[in-house]
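For the single chain, residues carry numbers from 1 onward in sequence order.
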Amino acid sequence: MKQIPIVGITMGDPAGNGPEITVKALAHTDVYERVRPLVVGDAKIIEQAARLVGREDIRIHRCETVSDAEFKPGIIDVLHMELIPDISKFKLATVSKEGGMAAFQCVRKVIELAMAGEIDATCTNALNKEAMNMALLADGGARSDGHTHFDGHTEIYATYTGTKRYTMMLAHHDLRVVHVSTHCALREACDRVKKARVLEVIELAYQACRGMGIEAPRVAVAGLNPHCGEGGLFGREEIEEITPAIEAAKAKGINAIGPVPPDSVFSEGLGGWYDIIVCMYHDQGHIPLKTVGFVYDRDKKEWKAVEGVNITLGLPIIRTSVDHGTGFALVGTGKSNELSLLNAIDYAARMAGGKKS
């Protein structure tokens, strides 16, 4: 049992579907064969979520410390934080400062546990950025440490682990993408395509694959411009920034391939040509991953699958996440899909195992 990694799972925004999909995910008893899950959040919210999804049979076990957890199927261990004092007055599916601060405090706590070595990996449910930043601004900073704004989970983790070199990785089974830039305007994203940053992300991608047990990772590097610039006709970023970064990576022993035209690199990735793809900006990587991972059933008019994992690379601790938002439209219906969270938990376990070995 001690060899099975402990994964801390944040409940996400309590007004969103994070608590519900957490209950649904941990209702899969086989999860406990791969991880020892510990939910970080308000136990009252998780109890409410269990009722909403019709799983009152699952016992919610409040823990004060990690050592209190039982890690048994049929029981959800919750490291209890008193975040929502009066649950009867808390509104679901609503942006609020209370919900935003609760989600933020869960993230702070799970980072603290991982940095202290009490848990082996972290896995986050979605938070609402508007709610969180509204709460931080009203609070005058993240509980007096001066931070009044974060773009999202990635920046929170980077800040509280003191990490300077990091990037986002998305994964749908063995299709993986990493990003040179993420949350910035597209005009700015083009300006961020510089040799040093592209090389940095190639290295992070290579290290991530090695950490997952891939001995000789094949790292494809997408171009920025149509047809990779067509020899400079449609832009010179491939010539002046991306290709020099690829050559520098090769000199370090990394099997970096490209630049590969963006309109074909993902089909090739799905075909097994590469282990990971370096993308130049947010949507270049997000659109193909969500196209294959998010499957909508036209006839039933519901999501058949919402799969994909968001992973932050470069941190001293492991962080995986669902690859979707807070799902306010589905809160309370019991229809929220837990596949993305299950995938994220499995990735956390895989990365924790790789780190130990």
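In this view, Lys250 and Glu247 satisfy the salt bridge (charged side-chain N to carboxylate O under 4.0 Å, His left out) rule, not counting sequence neighbours. In this structure, the side chain to side chain contact (heavy atoms under 4.5 Å, CB included) partners of Lys290, at least two apart in sequence or on a different chain, are His286, Phe294, Asp323. For Glu155, there are no salt bridge (charged side-chain N to carboxylate O under 4.0 Å, His left out) partners two or more places apart in sequence or in a different chain. In this view, Ser96 and Phe90, Glu98 satisfy the side chain to side chain contact (heavy atoms under 4.5 Å, CB included) rule, not counting sequence neighbours. With sequence neighbours excluded, the residues satisfying side chain to side chain contact (heavy atoms under 4.5 Å, CB included) with Asn343 are Glu307, Val309. Residues forming a side chain to side chain contact (heavy atoms under 4.5 Å, CB included) with Ala131 (at least two apart in sequence, or on another chain): Asp13, Val95, Asn128.
The existence of a salt bridge linking Glu47 and Arg51 is excluded, since no basic side-chain nitrogen approaches an acidic carboxylate oxygen closer than 4.0 Å. Using a 4.0 Å cut-off between a side-chain N of Lys or Arg and a carboxylate O of Asp or Glu, Asp30 and Arg34 qualify as a salt bridge.
In this structure, the side chains of Lys301 and Asp297 stay at 4.5 Å or more apart for every pair of heavy atoms. Side chains of Leu79 and Val110 form no contact here, defined as non-hydrogen atoms less than 4.5 Å apart. At least one side-chain heavy atom of Ile202 sits less than 4.5 Å from a side-chain heavy atom of Ile246. Ile6 is listed as a side-chain neighbour of Phe71, based on a closest heavy-atom distance under 4.5 Å. Under the 4.5 Å side-chain criterion, counting only non-hydrogen atoms from C-beta, Leu26 is in contact with Val39. Counting only heavy atoms from C-beta outward, the side chains of Thr154 and Tyr166 approach each other to under 4.5 Å. Proximity of Val331 to Thr326: side-chain heavy atoms (C-beta onward) are nowhere separated by under 4.5 Å. Side-chain contact check for Ile111 versus Thr161: some heavy-atom pair is nearer than 4.5 Å.
Cluster partners of Ile239, using a side-chain heavy-atom cutoff of under 4.5 Å among ILVMFWY residues and allowing indirect links: none. Grouping Ile, Leu, Val, Met, Phe, Trp and Tyr by side-chain contacts under 4.5 Å, direct or through others, leaves Ile287 on its own. When hydrophobic residues (I, L, V, M, F, W, Y) are linked wherever their side-chain heavy atoms come within less than 4.5 Å, Ile75 remains an isolated member.
When only modelled atom types and interatomic distance are considered, Thr312 and Arg319 share a side-chain donor-acceptor pair under 3.5 Å. Residues Ser321 and Asn310 bring no donor and acceptor atom of their side chains to less than 3.5 Å of each other. Judged purely by distance below 3.5 Å, without hydrogens or angles, the side chains of Thr182 and Tyr281 never pair a donor atom with an acceptor atom. There is no side-chain donor-acceptor pair under 3.5 Å between Asp151 and His153. Using a 3.5 Å distance cut-off with no hydrogens or angles, the side chains of Thr148 and Asn133 do not pair a donor with an acceptor.
Between the side chain of Arg36 and the backbone N or O of Ile4, at least one donor-acceptor pair lies under 3.5 Å. Using modelled atom types, one side-chain atom of Arg218 and one backbone atom of Trp273 make a donor-acceptor pair closer than 3.5 Å. Under a 3.5 Å cut-off, the side chain of Arg236 and the backbone N or O of Gly229 do not form any donor-acceptor pair. Formation of a donor-acceptor pair under 3.5 Å by the Glu238 side chain with backbone atoms of Leu224 is found in this model. Looking at Thr22, its side chain never comes within 3.5 Å of a backbone N or O of Glu20 through a donor-acceptor pair.
Ring planes of Phe150 and Phe104: parallel class, angle under 30° (limits at 30 and 60°).
Counting only residues at least two apart or on different chains, the side chain to side chain donor-acceptor pair (under 3.5 Å) pairs with a member in residues 77-86 are Lys44-Glu82, His61-Asp77, His80-Glu82, Asp86-Ser88. Listed by first and then second residue, the side chain to side chain donor-acceptor pair (under 3.5 Å) pairs that reach into residues 196-209 are Arg165-Glu200, Arg165-Glu203, Arg197-Glu200, Glu203-Lys252, sequence neighbours excluded. Residue pairs that meet the side chain to side chain donor-acceptor pair (under 3.5 Å) test with at least one member in residues 261-270, sequence neighbours left out, are Glu268-Tyr274.
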Output, in order, the C-alpha distance, side-chain angles, deciding distance and verdict of side chain to side chain contact (heavy atoms under 4.5 Å, CB included) for Asp120 and Val35. CA-CA 10 Å; Asp120 300 301; Val35 300; over 6 Å; no
Quick one, Leu289 with Val177, criterion side chain to side chain contact (heavy atoms under 4.5 Å, CB included). Give me CA distance, side-chain angles, the key distance, then yes/no. CA-CA 8 Å; Leu289 259 292; Val177 302; 3.4 Å; yes
Show, in sequence, the C-alpha distance, side-chain angles and deciding distance for Thr122 and Tyr157, and conclude whether the side-chain hydrogen bond (donor to acceptor under 3.5 Å, both in side chains) test is met. CA-CA 11 Å; Thr122 73; Tyr157 270 78; 2.8 Å; yes
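Taking CD1 from Ile21 and CG from Leu330, the interatomic distance works out to 10.5 Å, rounded to the nearest 0.5 Å. Distance check, rounded to the nearest 0.5 Å: NE2 of His179 to NE2 of His282 gives 6.5 Å. Interatomic distance, CD of Glu237 versus CZ of Arg192, reported as 15.0 Å (0.5 Å rounding). Atom CD1 in Ile76 sits 11.5 Å away from atom CG in Leu38 (nearest 0.5 Å). In this structure, CD1 on Ile84 lies 6.0 Å from CE on Met11, to the nearest 0.5 angstrom.
Follow the hydrophobic side-chain contacts under 4.5 Å out from Ile87 and you reach Val23 in the same cluster.
Partner of Pro14 under the side-chain contact (heavy atoms from CB on, under 4.5 Å) criterion, out of Asn125, Ile45, Leu83: Ile45 alone.
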